[in-house]
Amino acid sequence: MSDRKNKSTIPGVGCDVTGCKYNTVDSHCSAERINVQNEKASTKGETYCSTFCPRGCC
């Protein structure tokens, strides 16, 4: 079975990064918690999810 199925997700948190191990089949985040970084960000594009872990590596 795929590791993208049957995981608990963080309510209201979507994820479009298909290469992240926490991305579920229905595009939600299954990490226990997330951490979004770049304290000086002024646009959405300047932020990033430091919880990202490549599928099969972490």
Side-chain angles (χ1 to χ4, degrees):
M1 182 186 317
S2 168
D3 63 344
R4 294 179 72 191
K5 293 181 181 180
N6 299 326
K7 287 190 172 184
S8 316
T9 60
I10 301 172
V13 177
C15 179
D16 293 327
V17 183
T18 57
C20 181
K21 81 177 218 172
Y22 299 115
N23 176 279
T24 65
V25 106
D26 56 351
S27 298
H28 289 92
C29 181
S30 66
E32 286 185 27
R33 61 186 176 84
I34 60 170
N35 187 23
V36 179
Q37 294 185 330
N38 190 358
E39 63 189 41
K40 296 182 182 192
S42 59
T43 67
K44 177 171 60 174
E46 293 175 337
T47 63
Y48 64 91
C49 179
S50 65
T51 308
F52 171 80
C53 180
R55 203 170 289 290
C57 291
C58 306

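All figures in this text were calculated on a predicted structure; none of them were measured in a lab.
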Legend entry - Those residues that, when tested against T9, pass side chain to side chain contact (heavy atoms under 4.5 Å, CB included) (two or more places apart): T24, H28
Under 3.5 Å, which donor-acceptor pairs link side chains of residues 37-44 to any protein atom two or more places apart or in another chain?
unit_1: Q37; atom_1: OE1; unit_2: Y48; atom_2: OH; d: 3.1
unit_1: N38; atom_1: OD1; unit_2: K40; atom_2: N; d: 3.3
unit_1: N38; atom_1: ND2; unit_2: E46; atom_2: O; d: 2.6
unit_1: S42; atom_1: OG; unit_2: E46; atom_2: OE1; d: 3.1

Legend entry - Full working for side chain to side chain contact (heavy atoms under 4.5 Å, CB included) between V36 and S50: CA-CA 6 Å; V36 179; S50 65; over 6 Å; no
Legend entry - Residues clustered with V17, ILVMFWY side-chain links under 4.5 angstrom: F52
Legend entry - Crowding at CG, D16 (>12 non-hydrogen neighbours, <6.0 Å): no
Legend entry - Distance-only polar pair, side chains of T18 and N23, donor-acceptor under 3.5 Å: no
Inset, instruction - For R55 and G19, indicate whether the former's side chain and the latter's backbone hold a donor-acceptor pair under 3.5 Å. - result: no
Legend entry - Side-chain heavy atoms of C15 within contact of Y22, under 4.5 Å: no
Legend entry - Nearest atoms (heavy-atom pairs only) where T51 meets A31: CG2-CB, 3.8 Å
